[in-house]
Every structure is written in C-alpha cells, then in structure tokens.
Amino acid sequence: MSSLAGKRFGVDPALLLLGLALLLVGLVAISSASIEYADWHYRDAWHHTRRHLMYIVISASAAVVVYRLPPGFWLASGWMWLLAGLASLVLVLLPGIGKDVNGAQRWLPLGPFTLQPSEFAKFTVVIYLAGYLVRQAREVRNEWPGFLKPMGVLALVTVLLMAEPDFGATVITVATAFGMLFLAGVNLRHFLSVLTVSLLGLVGLIFAAPYRVQRLTAYTDPWADPYGSGFQLIQSLIAFGRGEWLGVGLGNSVQKLFYLPEAHTDFVFSIWAEETGFVGALLVIGLFTALIARILWVARRAQAVGEDFGAYLCYGVALVFSGQAFVNMGVSSGLLPTKGLTLPFVSYGGTSLIVCCCMLALVLRVERELPAGGVGKRRTAGGKS
C-alpha cells in the first residue's frame, strides 16, 4: 500500500472497544466455567483464569507487533507465511513431535504451552489469498488457471488438516477461502463448479468417518442416546433452558459441575447463557454482529479507495470470525451437529486467542491506512492509480 494523503493516525475506537468487550466477556465466562474443573484437576480454582490472563497479555503484545507492521509487509511476505503455516501443519503430524489428545494430533508442545497449527493456518491462508487476489486479479476473474491455483493450495491445507484430523478447522478455512474468492469477483461458473465438487468432498469426508456420522445422527435426535453420542448436546440444551431470560447468576451454573464436558472451551457459550440468560446470550451475539459489521465496513471503505489488499484481508477476517462464532453458537444451541470450534475471543485457548487478536490488529491497521472521510484516488489491483 502506498501512503495516501489525508491518512489518519490512531486506532478505530469502535473496533477496539468491541474487541475488548469480547475479551472481557471471555475472561468472566472462563473464570466462572472453569472454577470447579480447575479445583478438581489442579487443586487451584483460578488455574485457568490466571493462564487465560497470561494468554491475553501475550495476545495483546502480538497484536501490537502486527499493528505496527504496514499492510505492504504482509502483501510482500504472504507466501512465506503460507509456507510457515504448511510447515507447522506437517510438523504436528510427525511422530514424537505432535501431541495426541483423544485420537487427534493437533498440538505442538512448547514447554508449558501448546501451539495449535490449525489456528495459525487460517491466519496464513487469509494473508496469502488476499495477496494472490491482488496480484492475479485479472486471471482470477477471467481464467480457469487463476482460480485453480489457490484451489490447489487450499487442497493441500485441507489434506494436512484432515490428517490431524480437524474437520472444524477444515470447514472454516475452506469456507473463508471460497468467500474471499467470491467477493473478489471470480467467474461465477468456475466458482459454482469447484464449490459443488468441494461440497461433495466434504460430504464424503463426513461419511468416511463413523464418528462424524454418529455426531450427525445424534444432532437430529440427541435423546436417542442421552448417555452416549447425544450427551454433550443434551447437557448444553439444559444449560440454555436453565438460563431462561436473565440467567441463574454468574458463578451459579449447575451444568459446569462436570455435567457439560469442555465447559470452558467449546461450550463456554452454553455456561454463559445459563448464568446470564437470554439477555446475556443476546449481548454476546450483538457484540459479534457489531464487530463483523464494522470489519466489513472497513473492507468496503478500503475497496472504495482501491486498497484491495486491505479489503480482502478484512473480508477474510470477517469470514473467519463469523464462521467460527456461528458454528460454535450453533453447536451449543443444537442448531448444528456437535463440532469442536472455539468461540473467537471468548473460549479458553492460547493459540486461538493470539490469532484472533492478531487478525483484529490487521483490520485496525488497514483502517488506519485509509484516508480520512473514506475519500481518495481509486487504485488498480497492482497498486497504481
């Protein structure tokens, strides 16, 4: 990105406050949901709260570094970030290096911490694809090779993610990539052809693993196996039911007392809804809606002045946040089949929080680079006016 006259210097207050509000909700929700679990397993009721505070500090520090780097840096180095993401996905699969938990090898142990490469991969795919869409704008919109090249990269990422296996991260990554391509104006015939093949492939992946089929059938009728495949969903629905309008009060959840597994991670929204009720759940949904709408507003402004790379970055971030929030909340409320995906900024998990804060920092930097009032000379995809 070139320097533009009239450029403002400062952080967008709306984006920053929305991000901080979600971080605060996450800290409160995790503190409440994890107390009994932490006390039982670590003999320290505030174990997860302290670790999450540490993750927040690390995430904020990483976000500051990302914010200080101009968009041009990410445009020039996108391919290197993609290689780093692919390398981490390969590394986690190597015997003796990746950490296996419940049959899934998704974590790299780094001393007292663990890194989840699938979260990092989403970040790198967004950066690489945004740069590719700028450099190859004409080819992407008009020719098959321009569309198929990023599909080849996406296929490689998908294979590595499914080898872990991490179906949830695969769905979010693929959906984000297709969304970015669609918003970049790809040929509709090319888009629909590959989308159809990809959807058939995802269906095939579901039926290739019996446990995924079991989750699908449990979602349609969890009461058919209330102590087996339907247990998590039933306990989550009970949490929502107990919350009613105003909730049972912070700290008063019953479902977190070892009834609902993963209460402070994948199902933290259920505990939040139980303790704060429909009003509290609606507040979180409203915060996510406002955040995503603001990011899309920044994207449209960037595109209007020809800052296409910044616009595609923002579109990618909005798609990741909205996809993960929708899936997590949908799973918790029984709208979607059970799938482990974190709620951005809210769920417990260091890598997810760091990546989310860095993504938001990217959007904040793109917004900072825009001219005041959203006016400026339209630039071409190559950066020339």
Indicate the ring-plane relationship of [X] and [Y], choosing parallel, tilted or perpendicular according to the 30° and 60° boundaries.
X	Y	result
F321	F345	perpendicular
Y55	H52	perpendicular
F182	F191	tilted
Y37	H48	tilted

Below 4.5 Å, heavy atoms only, C-beta onward: do [X] and [Y] meet side chain to side chain?
X	Y	value
R189	W144	yes
Y67	L362	no
L83	W79	yes
T276	L283	no

Measure from the side-chain N and O atoms of [X] to the backbone N and O of [Y], and report whether any donor-acceptor pair falls under 3.5 Å.
X	Y	answer
N142	R138	yes
E274	V254	yes
N328	L341	yes
R106	Q116	no
S322	A318	yes
S352	G349	no
S118	A169	no
W81	Y128	no
E275	S253	yes

Looking at V157, T124, D166, which one forms a side chain to side chain contact (heavy atoms under 4.5 Å, CB included) with T173?
V157
Can you list the steps and then say if K256 with S32 is a side chain to side chain donor-acceptor pair (under 3.5 Å)?
CA-CA 9 Å; K256 69 183 180 184; S32 177; 3.1 Å; yes
Least distance between heavy atoms, E139 atom then K149 atom:
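So the minimum-distance heavy-atom pair works out to OE2-NZ, 3.5 Å.
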Nearest heavy atoms of P109 and I97, plus distance in Å
CD-O, 3.2 Å
Between V327 and V171, is a side-chain contact (heavy atoms from CB on, under 4.5 Å) present by the stated rule, with each step listed?
CA-CA 10 Å; V327 171; V171 171; 5.7 Å; no
Any salt bridge between E307 and R301, counting N to O under 4.0 Å?
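No, E307 and R301 are not salt-bridged.
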Output yes when E367 and R294 qualify as a salt bridge under the 4.0 Å nitrogen-oxygen rule, no when they do not.
no
Residue pair E164, Q105: steps toward the side chain to side chain donor-acceptor pair (under 3.5 Å) verdict
CA-CA 5 Å; E164 296 183 3; Q105 197 160 321; over 6 Å; no
For F240 and F278, what are the C-alpha separation, side-chain angles and deciding distance, and is it a ring pair (Phe, Tyr, Trp, His ring centres under 6.0 Å)?
CA-CA 8 Å; F240 276 93; F278 176 77; over 10 Å; no
Criterion side chain to side chain donor-acceptor pair (under 3.5 Å) on Q324 and K122, from CA distance to verdict:
CA-CA 11 Å; Q324 285 201 200; K122 298 172 196 171; 2.3 Å; yes
Cation-pi check, R300 to W297: give yes when NZ or CZ is under 6.0 Å from the six-membered ring centre and within 45° of the ring axis, no otherwise.
no
Treat each ILVMFWY residue as a node, draw an edge where side-chain heavy atoms are under 4.5 Å apart, and state whether [X] and [Y] are in one component.
X	Y	result
L110	L91	yes
I35	M54	no
L296	L18	yes

Between S347 and T342, do the side chains contain a donor N or O and an acceptor N or O under 3.5 Å apart?
no
